[in-house]
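One structure is given here, and the rest of the page talks about it.
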Amino acid sequence: MSLVTTKEMFEKSMKEHYAIGAFNINNMEFIQAITEAANEAKSPVILQVSSSAIKYAGIKYLTKMVEAAVEETDIPIALHLDHGPDFETCKMCIDNGFTSVMIDASKYDFEENVRITKEVVDYAHSHGVVVEAELGTLAGVEDEVNVADDDAKYTNPEQAKEFVERTGCDSLAIAIGTSHGAYKFKGDAKLRFDILAKVKELIPNTPIVLHGASSVIPRLVDMCNENGGDIPGAKGCPNEMLKKAGEEGVSKINVDTDLRLAMTAQVRRVFKEEPSVFDPRKYLGAARKEIKETVADKINNVFCSAGKA
Ligand code: G3H
Ligand code: 13P
Ligand code: ZN
């Protein structure tokens with residue numbers, strides 16, 4: 001199979017009410033772990049790359065390794081730019097064979113967001129590439145903004161409709177209370193499912209994306225902390241809420257933090273338990289296995305995309 005866009009996978013997800021996992025990649029171990037898990041579950045999957053991942057690994061290395069994963073598997077795989085900061089970065093990814101890009105101009109005012117997004121959509125569509133855009137602010141406790149207290153940070157459903165109509169974007173990331181990183185909620189986790197419902201009512205055919213959707217798996221946080229880490233009080237989005245999001249109209253769920261935790265927890269464990277080990281394959285192999293199990297659990301039990309390839 002070759003790389004695909006997200007068009008067909010999203011159409012099926014909207015019809016059948018489940019979500020597709022979009023997992024961030026930085027190196028070979030992440031790519032292998034994610035695609036092997038998805039392949040075994042017969043699930044479509046999105047591999048996503050941030051601009052800082054491109055800076056770290058290089059766009060050629062990333063695209064060639066993804067190409068290898070596509071050859072080794074038999075499932076639909078999309079290669080997506082995560083949080084594209086500007087037109088030039090989106091263009092570079094499109095020119096290098098990405099099948100999907102996100103332009104994140106959500107920090108600008110509405111009109112500027114529309115203008116920048118439309119510019120990317122025009123270029124992407126003329127190259128057969130789809131575009132995710134973002135409206136609303138994914139604030140969290142790390143920004144010292146309690147998003148639950150500030151309606152202006154959430155996506156406005158009427159604006160979302162106007163935004164999609166004016167930009168022609170293919171999917172839309174909305175803000176309903178999630179945030180990036182390992183510290184998502186000060187008190188109880190809360191997502192605004194009412195906003196999601198209103199958005200789906202107004203733009204039923206637009207796939208909706210949920211960023212900042214790691215569950216910050218307590219077992220992995222504990223494993224990090226028990227083996228010399230220092231990430232106290234980390235808190236993510238509960239699996240029941242993510243499952244509900246998939247059932248109620250979210251088509252793409254973004255996960256980076258949980259895979260970072262999986263890798264770090266195992267590397268720390270091996271270093272602590274086996275101090276004589278200095279073969280990187282020992283600790284990176286353990287990390288890859290943990291990432292694979294983490295992805296498999298999400299695909300099978302939370303996003304419910306298993307068997308949908
Ligand atoms: O949403 C952001 C992703 O977690 C990527 O983070 O820019 O550190 O690669 P990064
Ligand atoms: P997490 O930090 O919750 O994994 O979110 C990742 C993300 O949204 C990538 O775009
Ligand atoms: Zn994100």
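Just follow the structure's listing: the first ligand is 1, and inside any ligand the first atom is 1.
- Using a 4.5 Å cut-off on side-chain heavy atoms (C-beta onward), Asn239 and Asn301 make no contact.
- Atom CD of Glu111 and atom CZ of Arg115 lie 11.0 Å apart (nearest 0.5 Å).
- Residues Lys252 and Glu132 meet the side-chain proximity criterion, which asks for heavy atoms closer than 4.5 Å.
- Lys289 has a carboxylate O that lies under 4.0 Å from a charged side-chain N of Glu293, or vice versa, which qualifies the two as a salt bridge.
- For His211, the N/O/S atom at the shortest distance from the Zn ion (ligand 3) is named ND1.
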Pick out the protein N or O atoms lying less than 3.5 Å from any N or O of ligand 1, and list each pair with its distance.
{"from": "ligand 1", "atom 1": "1 (O)", "to": "His83", "atom 2": "NE2", "distance (Å)": "3.3"}
{"from": "ligand 1", "atom 1": "1 (O)", "to": "His180", "atom 2": "NE2", "distance (Å)": "3.1"}
{"from": "ligand 1", "atom 1": "4 (O)", "to": "Asp256", "atom 2": "OD2", "distance (Å)": "2.6"}
{"from": "ligand 1", "atom 1": "6 (O)", "to": "Arg260", "atom 2": "NH2", "distance (Å)": "3.1"}
{"from": "ligand 1", "atom 1": "7 (O)", "to": "Ser50", "atom 2": "OG", "distance (Å)": "3.4"}
{"from": "ligand 1", "atom 1": "7 (O)", "to": "Ser52", "atom 2": "OG", "distance (Å)": "2.6"}
{"from": "ligand 1", "atom 1": "8 (O)", "to": "Arg260", "atom 2": "NH2", "distance (Å)": "3.0"}
{"from": "ligand 1", "atom 1": "9 (O)", "to": "Ser50", "atom 2": "OG", "distance (Å)": "2.6"}
{"from": "ligand 1", "atom 1": "9 (O)", "to": "Ser52", "atom 2": "OG", "distance (Å)": "3.0"}
{"from": "ligand 1", "atom 1": "9 (O)", "to": "Arg260", "atom 2": "NH2", "distance (Å)": "3.4"}

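- Under the 3.5 Å distance criterion, with hydrogens and angles disregarded, a donor-acceptor pair is assigned to the side chains of Asp95 and Tyr123.
- The shortest side-chain heavy-atom distance between Glu40 and Lys292 falls under the 4.5 Å cut-off.
- Ser214 and Asp256 form no side-chain donor-acceptor contact under 3.5 Å, judged by distance and modelled atom types alone.
- Around ligand 2 you find Asn24, Gln48, Asp82, His83, His180, Gly181, Lys184, His211, Gly212, Ala213, Ser214, Asn254, Val255, Asp256, Thr257, each with a heavy-atom distance below 4.0 Å.
- Salt-bridge annotation for Glu240 and Lys244: absent, with no side-chain N of the basic residue lying under 4.0 Å from a carboxylate O of the acidic one.
- Salt bridge annotation for Lys198-Asp194: absent, with no cationic side-chain nitrogen under 4.0 angstrom from a carboxylate oxygen.
- Counting heavy atoms from C-beta outward, Lys298 and Ile253 have side chains that stay 4.5 Å or more apart.
- Rounded to 10°, the angle formed at the Zn ion (ligand 3) by His83 NE2 and His180 NE2 is 100°.
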